Structures are given as structure tokens and as C-alpha cells.
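Quick caveat: nothing in here was measured; it's all calculated off a predicted structure.
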Amino acid sequence: MFFMKIQVFFAVLACKLSRFAIRLLGRGGTDFPGRVALKLCPNLLGHMARGVTAVIVTGTNGKTTTSRMIEQAMADSGISFFANKSGANLLSGVTAEFAMHATLTGQCRYPYALIEADEAAFKAISRFVEARAVVVTNVFRDQLDRYGEVTHTLENIRIGISHCPGAALCLNADDPLSRSLADETDNPVLFYGVDTPIYEKRVAELSDAPYCLKCKHAYVYDYVTYGHLGGYRCPCCGYSRPRPDVSVTEVHSTDTQGSHVALRCAGGDFDTRINLPGGYNIYNACAAMACGQALELDAATVSASLGRFACGFGRMEKFEIGGTSLRMILIKNPAGCNQVLNFLTNTTEPSVFVVCLNDRAQDGRDVSWIWDVDFEQVAEMGEKLSGLIVSGVRADDMAVRFKYAGVPAEKLRIVKDYDQLLRDCTAQDKPVYIMPTYTAMLALRERISKTYGFKEFWE
């Protein structure tokens, strides 16, 4: 026992000191300090998480934004908690965040923790924390070189749930993959979903789950929201979308600033304003509402919080620089990128698009996914597309993709230098939408912070 206490002390101390040193250098230090701490004490997270009630958000797309929505709801409800808002969602990153909110003896200072967990790391993180609620956003194909096929991702999440006995599961009723997680568990389940189509016009998409998980027959859809999400049913065995406990019953309006929807839950019906645009953020809001119900928060408080939460870095994050409006929207897989295009191609104002494609480990080495994205819709925007810039390590590949999509050569430019790219962006007299992969987002976000005085991504 004494040796364990010494281990914990030095592991927490090393984590705090390395974070401090890295921050002095102007870097994030969100993951490395946790790796140092785990080398000294592999069970450190389990020790620090004792007595802490966790809320875990996992899934392929929407984890960070859903977590920020839940964070606002918990804060408005007066709950004392901390969150890994920097997006460090692997075991090492979560360990580092716990250590920064603990004493040197490893005692956490907060009774609650809101944890965004990478879908592959969830099965490891969940072994060490006591979850009261687990939110699964969706399961889509993502970084095949890291996650494998969707069934592999689904199995990782299923294993993680098995480590959370008694936790309320908030599952996406419109996703047949996420919905299946309810079939082999005794955990209480809250389904959330959208009861109506979201877009008047959708981009063309490949389904990541076209066949019934039970009998392999093709699903029939009464409506589709996006990807393989919607009112699915199997005409052969009857496997179908369950009735949601929390649902969006109507999308009143949507614009470049947000959406206005009708939300229904056990706490009543609410006209809710979501202060981020995009149909996928309607799903994120619905997931946050379900989590609030699982935590027994006041439904009116949660609904109101959706209109004032702060978005995560790079997730529809907006910057006003020298009179130019810039929005940064992370892209990382076909489903997520298509939803960004759904939003952008449905806007009415002329704008400039920027796509930054990297292939580093955190992005996924395989960039062939860009050929499964309906970039042809960009070419069809006509005069609404004022210009298109490609950048990043794989800028040339992105340029080729847009060439085959039919984007006119005179509208397409390659700018590989990020400093020059930002100068070009801030010189525009029209809104600019920057779509980077993960490491490109971090690099651009760092330059925006240092050059134009915005807060760092981890703040």
C-alpha cells in the first residue's frame, strides 16, 4: 500500500510538472504528460477515479460537440465537474486530465468527470472509471488503418459498455449499429433520434450499414437523415428503429448560425435553439438532451443550455479576423465530411472553401476516403462557390479529387504554406469555411491563436 502511494505521488507530480513545462513552451501538453504518468503508475487512472462519477461520450462523429453541450448543461445545473475539453480522448489524455484535477496524493477534487473517449480507447478507459451515463453518438467508417471496419469499432464500444454495469446508455435510435448495443446488455437504455428528414437536399452517400445485423437482408427506409441514419426497418425479420425516448419531432428552421427544433422528452416538449449549424449538430443536441435525462437534470435547463454552449475547437468554430468571417470545421471520414457539405451546399451566400488534407497518424494514413465523399456537389454550387483552396500534406491529392469532381480550374488553387493560407483567407471579402483534417486543424489553430490573439485550443 505504501509503495502504491509513492507510485501515485510521483506519477501525478511528473504529470503536473511535464504539463507545466510543455505549456511554458507554448504547446498543449494534453497527451504526453499522461503517458509519462502511466509509465510510472499503470493503474493511476483507476486510483484517481475512485469516488468520481463519470459521464462518458464516445462514438465516431460528434463526440467533442456533444461533450461541450453536456458540459454546458451540467454547469447550468450546478454540478461540480471537470472535462477533458482539449479533446485528449485516449487513455493517456484522460489520465493527464484527471491528474491535473487531483492532489499529489491522487485524490480528485471534483465529484463528477465528463469524459470524451475515443471509440477505440473507450474499452480501456471504461475499466478504470465508474460511469453513470454512457452516450454513443454513432458508428461510421473511420480511419480504416486504425479502426478497421465498423463492426470492429462496434465491438470495441460493446466491450467498453460491459465495463460499465448499471450505467444508463444513451443510444442513437436512428443508427442501426448503435441501436444494436442495447440487445446484449442489462443496462438501462435511453434512445434518442430525429423523427423527420433534416435536409431538403442531401449529398449522395454510401451507407456504412445497408444490411440488417440480424438476418443480413437490406434495410428499407421510411426516411433518411444522413448516411445510414433514419427510419430503417428490415422487411424480413422486423428489426427496426425503436421509438426514441428523446426525439426531435420537427426542424423549424436552420441557417448558418444554428437550428431551431422541436424537442420531446420525458420532461416535456421544448422549442430549442441550437447555437451551431448543421444537421449533425441536431443529433448532438438530441444526445445531450438524452444524457441530461439520464442524469435526472431539469429538461428545461438542458434545452436552454443548447442555445449558449461554447463549441469545441475546430468544430464549427468561428473567427472574425479583419472583417472576414472564418469557420473551421473538422473533417475526418466520408460520413462527417458529407454532412459538412450538406451544410455548406445548402447555404445561400457566396463563400470560399478551404480543404486541408493531411495523412499523419492522427488523421489516418489512408486518404482514399476522399473518393467516397460527394465533392461533386461543390462543383454544382456554381456562383455560390467564390473560390476553392486546397492545402496540407496531401494537397495535390485533394486537388486531383476536385478536378475529377468537376470544379473549374480557375476556381481552384493550391497553397501549401499555412501562413500564406491564412493571409489569403483573411483577405477575402466573403465568408471562408476551412475544412481541415485533425493535424492540419491543430497547426492552423495554433497559428490563428498566435497571430490573431485567440485562445489556445486547450483553453
Q. Quick one: does Thr153's side chain get under 4.5 Å of Phe122's, heavy atoms only?
A. no
Q) Ignoring hydrogens and geometry, is there a side-chain-to-backbone donor-acceptor pair from His260 to Asp271 under 3.5 Å? A) no
(Q) Could you check whether any side-chain N or O of Arg132 sits under 3.5 Å from a backbone N or O of Ala167, counting only pairs where one atom can act as donor and the other as acceptor? (A) no
Q: Taking Thr95 for its side chain and Gly34 for its backbone only, find out whether a donor-acceptor pair lies under 3.5 Å.
A: no
Q. In terms of side-chain heavy atoms, does Thr64 have a donor or acceptor partner in Arg68 at a distance below 3.5 Å?
A. no
Q: Heavy atoms only: give me the nearest Cys337-Val373 pair and the separation to one decimal.
A: SG-CG1, 3.7 Å
Q | Nearest heavy-atom neighbours spanning Glu119 and Asn156 | A | O-CB, 3.6 Å
Q. Measuring from Ile282:CD1 to Gln339:CD, what's the distance to the nearest 0.5 Å?
A. 11.0 Å
Q: Without swapping roles, check the side chain of Ser391 against the backbone of Val415 for a donor-acceptor pair under 3.5 Å.
A: yes
Q) Are any side-chain N or O atoms of Asn338 and backbone N or O atoms of Ala335, one a donor and one an acceptor, separated by less than 3.5 Å? A) no
Q. Is there a donor-acceptor contact under 3.5 Å linking the side chains of Gln428 and Asp424?
A. no
Q: Answer whether the closest heavy-atom distance between the side chains of Ser303 and Met289 falls below 4.5 Å.
A: yes
Q | Nearest heavy-atom neighbours spanning Thr30 and Ala96 | A | O-CB, 3.8 Å
(Q) One pair to check against side-chain contact (heavy atoms from CB on, under 4.5 Å): Leu229 and Phe140. What are the steps and the verdict? (A) CA-CA 10 Å; Leu229 274 56; Phe140 282 101; 3.4 Å; yes
Q.
So does Thr426 get a backbone contact from the side chain of Thr324, meaning a donor-acceptor N/O pair under 3.5 Å?
A. yes
Q: Answer yes or no: is there a donor N or O on one side and an acceptor on the other, between the side chain of Lys63 and the main chain of Ala117, under 3.5 Å?
A: no
**Q.** side-chain contact (heavy atoms from CB on, under 4.5 Å) evaluation trace for Ile125 with His163
**A.** CA-CA 9 Å; Ile125 294 168; His163 298 153; over 6 Å; no
Q) So, are Glu320 and Lys318 salt-bridged, with charged N and O less than 4.0 Å apart? A) yes
Q: Evaluate the side-chain contact (heavy atoms from CB on, under 4.5 Å) criterion for residues Thr196 and Val194: first the C-alpha distance (whole Å), next the side-chain angles of each, then the deciding distance (0.1 Å), finally the verdict.
A: CA-CA 6 Å; Thr196 179; Val194 179; 4.1 Å; yes
Q: Please name the pair of heavy atoms, one in Ala294 and one in Cys170, separated by the smallest distance, quoted to 0.1 Å.
A: CB-SG, 4.0 Å
Q: Indicate yes or no: does Arg401 engage Glu376 in a salt bridge with an N to O separation below 4.0 Å.
A: yes
(Q) For Tyr110, is the OH atom crowded, meaning more than 12 foreign heavy atoms sit under 6.0 Å from it? (A) no
(Q) So Ser86 and Glu97, do their side chains get closer than 4.5 Å, heavy atoms only? (A) yes
Q | Shortest non-hydrogen contact from Val135 toward Cys291 | A | CG2-CB, 3.7 Å
Q. About how many Å separate CD1 of Ile70 and CG of Asn284, when rounded to the nearest 0.5 Å?
A. 9.5 Å
**Q.** Residue list, side-chain hydrogen bond (donor to acceptor under 3.5 Å, both in side chains) with Thr151, at least two apart or on another chain
**A.** none
Q: To the nearest 0.5 Å, tell me how far Ser80 OG sits from Arg109 CZ.
A: 11.5 Å
Q. Charged N to carboxylate O below 4.0 Å: is that the case for Asp396 and Lys416?
A. yes
Q) Do Tyr221 and His228 have ring centres separated by under 6.0 Å? A) no
Q: Answer yes or no: is there a side-chain heavy-atom contact under 4.5 Å between Phe402 and Val355?
A: yes
Q. Atom OH in Tyr433, atom CZ in Phe353: separation rounded to 0.5 Å?
A. 7.5 Å
Q.
Test your reading of the model: is there a side-chain donor-acceptor pair from Lys411 to the backbone of Leu385, 3.5 Å cut-off?
A. yes
**Q.** Heavy-atom pair with the smallest gap, counting every atom of Tyr199 and Gly278
**A.** OH-C, 4.2 Å
**Q.** Approximate separation, where rounding is to 0.5 Å, of Arg141 CZ and Leu177 CG
**A.** 12.5 Å
Q | Beyond-backbone contact of Val352 with Cys425, side-chain heavy atoms, under 4.5 angstrom | A | no
Q | Steps toward side-chain contact (heavy atoms from CB on, under 4.5 Å) verdict (Val302, Phe270) | A | CA-CA 10 Å; Val302 179; Phe270 300 93; over 6 Å; no
Q: Determine, stepwise, if the pair Phe375 / Tyr404 fulfils ring pair (Phe, Tyr, Trp, His ring centres under 6.0 Å).
A: CA-CA 9 Å; Phe375 286 117; Tyr404 278 92; over 10 Å; no
Q. Are His47 and Cys41 close enough that some pair of their side-chain heavy atoms sits under 4.5 Å apart?
A. no
Q.
When you measure from the side chain of Arg365 to the backbone of Asp359, do you find a donor-acceptor pair of N or O atoms at a distance under 3.5 Å?
A. yes
Q.
Whether the side chain of Lys16 engages the backbone of Ala102 through a donor-acceptor N/O pair (distance < 3.5 Å, no angle test) should be reported.
A. yes
Q: For the residue pair Ser178 and Asn172, confirm or rule out a side-chain donor-acceptor distance under 3.5 Å.
A: no
Q | Check: Arg327 and Leu276 side chains under 4.5 Å, non-hydrogen atoms | A | yes
Q: Going by the side-chain hydrogen bond (donor to acceptor under 3.5 Å, both in side chains) test, name the single residue among Asn61, Thr225, Asp175, Thr66 that passes it with Tyr283.
A: Thr225
Q: Indicate whether any N or O donor in one side chain lies under 3.5 Å from an N or O acceptor in the other, for Thr439 and Asp363.
A: yes
Q. About how many Å separate CG of Leu17 and CZ of Phe10, when rounded to the nearest 0.5 Å?
A. 11.0 Å
Q) Is the closest side-chain heavy-atom distance between Ile198 and Asn342 below 4.5 Å? A) no
**Q.** Short N-O contact, Asp366 and Arg394, less than 4.0 angstrom
**A.** no
**Q.** Check: Phe454 ring centroid to Phe319 ring centroid under 6.0 Å
**A.** yes
Q) Is the count of non-hydrogen atoms from other residues, nucleotides or ligands lying under 6.0 Å from Phe20 atom CZ greater than 12? A) no
